[in-house]
**Q** 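Sharing a structure with you now.
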Amino acid sequence: MNWKKALLILADVVLGAYLVVAVTAFNKPEDAATVCQQVRITIAGDVAEGFLTTADVERMLKADHIDPRGLALGQINTRQIEEHLQAKALIEEAQCYTTQNGNVCINIRQRTPVVRVMAQNGDDYYVDNNGQPLPRSSYTANLMVATGYITPRYAEQRLAPMANLILKDEFWRSQVVQLNILRDGSVELVPRVGDHIVYLGQPTGLTRKLSRLRKFYLYGLSQAGWNKYSRISVEFDNQIICKRR
């Protein structure tokens with residue numbers, strides 16, 4: 001038993017020595033002393049155009065005194081950079097790492113605005129794809145506008161899912177310019193083409209409602225004329241109710 005124990009101890013010693021040599025070999029002192037000359041920032045987009053630019057991220061680095069340029073790689077705390085950036089309201093996730101040639105790479109996934117809320121009570125803000133409010137920005141994203149009786153809870157639970165559904169479909173993304181929320185929570189849709197209002201009713205079963213409306217656009221209004229009706233309702237299943245102008 002003693003010789004078996006001795007072999008195990010010897011194996012542990014050899015493994016430990018190997019790890020020390022390996023770490024030393026792959027982390028050369030001259031690599032740690034390499035000075036960062038360039039910061040490469042990549043911002044991933046999503047369904048809609050976001051607010052952030054690389055210049056914005058560079059300003060954040062300088063304002064928080066975490067700009068790595070001019071520092072040796074061994075002095076750069078990539079984890080600290082990630083934590084500072086992820087604390088920003090417009091950033092969902094940040095990843096930071098160094099390269100052997102002295103660059104620092106920062107990959108950003110920003111929060112994606114999907115709709116602008118201009119509520120009846122005066123609230124004016126953007127909502128991201130998760131239903132959370134975004135701070136006001138100097139940038140103007142080309143997004144649909146939601147007006148009417150909108151509370152933060154409604155924006156999170158009803159409005160954001162509607163906006164996500166519309167933005168994922170190329171046809172509706174280009175056609176819908178405004179959603180108007182009535183006092184009872186039902187929805188009116190304002191299209192880009194056609195002088196009419198579409199009544200969706202409560203925001204449930206929207207996939208079926210939009211599919212029915214799309215077929216009516218293709219096979220009905222394209223023949224009868226886009227301005228023939230002032231109001232089109234797809235509230236109820238298996239029917240479309242139109243009001244003549």
Side-chain angles (χ1 to χ4, degrees), residues 36 38-71 75-99 103-169 172-174 176-181 185 187 203 206:
C36 171
Q38 184 178 9
V39 177
R40 294 182 176 178
I41 300 170
T42 302
I43 301 176
D46 201 348
V47 179
E49 180 185 358
F51 292 131
L52 280 178
T53 66
T54 55
D56 293 328
V57 178
E58 289 178 351
R59 282 192 289 269
M60 293 175 186
L61 295 174
K62 293 177 181 178
D64 290 352
H65 306 290
I66 54 173
D67 191 336
R69 276 169 288 216
L71 297 178
Q75 297 177 303
I76 297 173
N77 188 336
T78 56
R79 181 59 181 170
Q80 181 188 45
I81 294 175
E82 291 176 348
E83 291 176 349
H84 273 261
L85 291 177
Q86 286 178 174
K88 304 300 181 182
L90 295 176
I91 295 178
E92 185 173 349
E93 183 181 8
Q95 294 181 342
C96 180
Y97 59 92
T98 60
T99 62
N103 292 330
V104 171
C105 297
I106 300 176
N107 296 330
I108 300 289
R109 186 168 77 243
Q110 63 181 319
R111 294 173 61 191
T112 306
V114 294
V115 63
R116 181 177 180 179
V117 172
M118 300 179 70
Q120 188 177 21
N121 63 2
D123 289 346
D124 186 353
Y125 58 94
Y126 291 91
V127 174
D128 70 9
N129 54 322
N130 295 316
Q132 300 303 309
L134 283 165
R136 291 293 302 274
S137 171
S138 58
Y139 298 98
T140 303
N142 185 23
L143 297 175
M144 75 184 87
V145 176
T147 57
Y149 296 87
I150 306 172
T151 63
R153 183 177 180 181
Y154 188 97
E156 178 181 2
Q157 297 182 357
R158 298 295 186 90
L159 184 58
M162 274 192 289
N164 285 326
L165 180 66
I166 291 170
L167 290 175
K168 288 178 181 178
D169 186 290
W172 292 117
R173 184 167 65 246
S174 61
V176 179
V177 295
Q178 182 179 341
L179 298 172
N180 185 48
I181 312 304
V187 183
L206 286 175

**Q** Grab the two heavy atoms, one from P203 and one from R158, that are nearest each other, plus how far apart they are.
**A** CG-NH1, 3.2 Å
**Q** Does V115 reach the side chain of M144, with side-chain heavy atoms less than 4.5 Å apart?
**A** yes
**Q** Would you call L167 and N129 a side-chain contact if the rule is heavy atoms closer than 4.5 Å?
**A** no
**Q** Who are the side chain to side chain donor-acceptor pair (under 3.5 Å) partners of Y149, not counting sequence neighbours?
**A** Q120, R183
**Q** For the residue pair Y125 and L134, what are the closest heavy atoms and their distance?
**A** CB-O, 4.1 Å
**Q** Go through it in stages, so that I can follow the logic: the residues are I108 and M60, the test is side-chain contact (heavy atoms from CB on, under 4.5 Å), and I'd like the CA-CA distance, side-chain angles, deciding distance and then a yes or no.
**A** CA-CA 13 Å; I108 300 289; M60 293 175 186; over 6 Å; no
**Q** Please identify each residue that fulfils side chain to side chain contact (heavy atoms under 4.5 Å, CB included) with E93, with sequence neighbours left out.
**A** Q86, Q95, R109
**Q** Apply the test side-chain contact (heavy atoms from CB on, under 4.5 Å) to residues I43 and D56: give CA-CA distance (whole Å), side-chain angles for both, the deciding distance (0.1 Å), then the verdict.
**A** CA-CA 11 Å; I43 301 176; D56 293 328; over 6 Å; no
**Q** List the atom of G131, the atom of A160, and the distance in Å for their closest heavy-atom pair.
**A** CA-CB, 3.5 Å
**Q** Identify, with sequence neighbours excluded, every residue that meets salt bridge (charged side-chain N to carboxylate O under 4.0 Å, His left out) alongside E156.
**A** none
**Q** Dump the intermediate steps for side-chain contact (heavy atoms from CB on, under 4.5 Å) on D124 and M118, then the final yes or no.
**A** CA-CA 5 Å; D124 186 353; M118 300 179 70; 4.0 Å; yes
**Q** Could you tell me which residues satisfy side chain to side chain contact (heavy atoms under 4.5 Å, CB included) with A119, sequence neighbours excluded, listed by chain and number?
**A** V117, N121, D123, I150
**Q** Under 4.5 Å between any side-chain heavy atoms of L85 and L61, yes or no?
**A** yes
**Q** With sequence neighbours excluded, what pairs up with E58 under the side chain to side chain contact (heavy atoms under 4.5 Å, CB included) test?
**A** I41, R69
**Q** Can you sort out the partners of T99 under side chain to side chain donor-acceptor pair (under 3.5 Å), two or more places apart, ordered by chain and number?
**A** N101
**Q** Would you say the side chain of T78 lies within less than 4.5 Å of the side chain of V104, judging by non-hydrogen atoms?
**A** no
**Q** Would a 4.5 Å heavy-atom cut-off, applied to side chains only, mark D128 and T112 as touching?
**A** no
**Q** Measure the shortest side-chain to side-chain distance between N103 and Q38 over non-hydrogen atoms and say whether it is less than 4.5 angstrom.
**A** yes
**Q** For residues V39 and C36, report the shortest heavy-atom separation together with the two atoms involved.
**A** CG2-SG, 4.3 Å
**Q** To the nearest 0.5 Å, what is the distance between CZ (R173) and CD1 (I166)?
**A** 11.5 Å
**Q** Do V187 and I181 have side-chain heavy atoms sitting under 4.5 Å apart?
**A** yes
**Q** Which pairs pass salt bridge (charged side-chain N to carboxylate O under 4.0 Å, His left out) with one or both residues in residues 79-90, sequence neighbours excluded?
**A** D64-K88, R79-E82, R79-E83
**Q** Partners of Q80 by side chain to side chain donor-acceptor pair (under 3.5 Å), sequence neighbours excluded?
**A** none
**Q** Looking at residues at least two apart in the chain, or sitting in another chain, which of them share a side chain to side chain contact (heavy atoms under 4.5 Å, CB included) with A55?
**A** T53, R59
**Q** I would like to know whether L90 and Q110 meet side-chain contact (heavy atoms from CB on, under 4.5 Å); could you show each step before the answer?
**A** CA-CA 6 Å; L90 295 176; Q110 63 181 319; 5.8 Å; no
